[in-house]
Amino acid sequence: MGKGLILGIESSCDETAAAVVELGVRTLSSVVASQIDTHSRYGGVVPELASREHLRAIVPVVDAALKEAGVGLSDLDAIAVTSGPGLAGALLVGITYAKALAFAEDLPVIAVNHLEGHIHAVLLHEHEAGTERSPLDAKSAALALVVSGGHTHLYLAELQKQGWTYRLVGRTLDDAAGEAYDKVAKLLGLGYPGGPWIDALAKFGDPKAVPFAFARIKDKVHLRGKAPRTKAAKTAPIAELDSRFLFSFSGIKTAVLRYVELNSLREGVAERSAKILARAKPPKTHEEALALCPQAVLDLIASFQFAVIGDLMKKTFAAAESLGVKHILVTGGVAANRELRERFTKEASRHGVTVAFPTLALSTDNAAMIAAAAWPRFQAGEFAETALSADPSLALGVPNK
Ligand code: KG4
Ligand code: ZN
């Protein structure tokens, strides 16, 4: 073995990323090329455009990561790449390039699940920050909430003799929390992705103005043994999960839409909201957006965020309590949210448990988390077959029995 250097490559959605991580715990470089400009005018990721942009960016991004780390390809010990879940065409760009580099340099390839990458982003950060209670060293398990544009999943993550194991504890039945942020922001004429806009504007509104409620998800007895036919169900089974730890974010999006429509009729918010909704281009800065938002829209934004975070908290802490887990990790793009971090931190101290987040840069998609997650696999000699391909609906862990 060389110096323990792994090059990570990530291209599952709309960021082309590469990073070099040493011994799974020290980030030498982390380069992320975002495609926000390409997709923002459509208000969401366009898969065909994503593949094209990855093709353009992959070579310069990998070169930049190596250069920044001050290493050459021959210094590497392995190449780690996201193999799923994600967009098939997008994943394939990273996988194909990783395989080509590995073939040329005679290096092993390590296939990494994107969700496992998000979990390891927290562990990487804790190691780099020198946090004493790092669950990476702890004998006890951690409950990980992966909350992003594509996922809202709860996992019990445990370091065992054979490496990390993950047990699926809960998940969304339909939209991911980040997807709800993006859809609500689009509806209000804000920029893409929606999370950072809502995050910035929510503090100017009254979180109690609109009492959004999440209905308790009933036991889906009829689903036992059968997978429901929702998009979300493809990435992990639902039927075996405890219904207390299931999420659903498609309803709140409709509730927001209804609220906008109703208030347009009743209070004349219409005219002012319409100004935002009718703009051909979303506002460029948060200040510009703030000036355009009537108080009723700011209240709506604050109430939406308050409700979503409340629901994420309620179920995460209930799952931690039910499983007797003392460490909570929150990761993925939505974990960058300020209100989420504040409220989870407060709630954790009330419950006598710890909660950890990655840095903001490690919360959203990046390749350092992929290289970090690959390290235990490298040590265990778990290398990918040469036939490795993209698995758009790759699942992590097994359901809670
Ligand atoms: O992890 P990520 O970069 O990509 C996926 O794997 O999906 O997450 C992107 C998602 C988007 O839905 C975005 O709106 C959301 O994370 N997001 C946020 C914030 N920053 C990004 N949501 C709430 N508050 C934020 N500050
Ligand atoms: Zn992600």
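Atoms within each ligand, like the ligands themselves, are counted from 1 in listed order. Computed from a predicted structure; not experimentally measured.
The protein heavy-atom contact nearest to atom 21 (C) of ligand 1 is Gly333 O, 3.4 Å. The protein atom (non-hydrogen) at minimum distance from atom 9 (C) of ligand 1 is Gly149 N, 3.7 Å. Nearest protein heavy-atom neighbour of atom 24 (N) of ligand 1: Asn337 ND2, 3.0 Å. Scanning the protein for heavy atoms near atom 22 (N) of ligand 1, the closest one is Gly195 CA, 3.3 Å.
The distance from the Zn ion (ligand 2) to the nearest N/O/S atom of His151 is not under 2.8 Å. Backbone or side-chain N, O or S atoms of Cys13 do not reach the Zn ion (ligand 2) at under 2.8 Å.
Numbered from 1 in the order shown, with element, the atoms of ligand 1 that lie under 4.0 Å from a heavy atom of Gly178 read 12 (O). Residue contact check: His118 has heavy atoms under 4.0 Å from atoms 1 (O), 6 (O) of ligand 1. The contact set between ligand 1 and Pro193, taken as ligand atoms under 4.0 Å from a residue heavy atom, comprises 13 (C), 14 (O). Of all atoms in ligand 1, numbered sequentially from 1 with element shown, those under 4.0 Å from a heavy atom of His114 are 6 (O). Ligand-side atoms of ligand 1 in range of Gly150: 7 (O), range being under 4.0 angstrom from any heavy atom. Of all the atoms in ligand 1, the ones that sit under 4.0 Å from a non-hydrogen atom of Thr364 are 3 (O). In the vicinity of Gly194, heavy-atom distances shorter than 4.0 Å reach the ligand 1 atoms 14 (O).
Between the Asn337 side chain and the Gly195 main chain, no donor and acceptor come within less than 3.5 Å of each other. With hydrogens and angles ignored, the 3.5 Å screen pairs no side-chain donor or acceptor of Lys253 with any backbone N or O of Lys183. When atom types are taken as modelled, the side chain of Asp77 and the backbone of Gly2 share a donor-acceptor pair closer than 3.5 angstrom. In terms of modelled atom types and a separation under 3.5 Å, the side chain of Arg167 and the main chain of Gly397 share no donor-acceptor contact. Glu382 places no side-chain N or O within 3.5 Å of a backbone atom of Ala384 that could act as its donor or acceptor partner. Using a distance-only test at 3.5 Å, with no hydrogens or angles considered, no donor-acceptor pair links the side chain of His153 to the main chain of Arg171.
No side-chain donor from either of Glu116 and Tyr155 sits under 3.5 Å from a side-chain acceptor of the other. At a cut-off of 3.5 Å, with distance as the only test, no side-chain donor of Gln295 or Asp206 sits close to an acceptor on the other residue. Counting only N and O atoms by type, the side chains of Ser248 and Asp174 include a donor and acceptor under 3.5 Å apart.
At least one N or O atom of Asp199 sits closer than 3.5 Å to an N or O atom of ligand 1. Ligand 1 has an N or O atom lying under 3.5 Å from an N or O atom of Asp365, backbone or side chain.
Counting heavy atoms from C-beta on, the side chains of Phe357 and Phe344 come closer than 4.5 Å.
Among the candidates Val62, Asp75, Leu28, Thr27, the single residue satisfying the side-chain contact (heavy atoms from CB on, under 4.5 Å) test with Val20 is Leu28.
Under a 4.0 Å heavy-atom criterion, Gln305 is not in contact with ligand 1. Cys13 does not count as a contact of ligand 1, since none of its heavy atoms falls under 4.0 Å from the ligand.
Remark: Arg343 qualifies as a cation-pi partner of Phe306 under the 6.0 Å distance and 45° angle criteria applied to the six-membered ring.
Contacts of Arg338 with ligand 1, taken as heavy-atom pairs under 4.0 Å, are absent altogether. Under 4.0 angstrom from ligand 1, the non-hydrogen atoms of Asp182 all belong to its side chain.
Closest approach between the Zn ion (ligand 2) and any N/O/S atom of Asp365 involves OD1.
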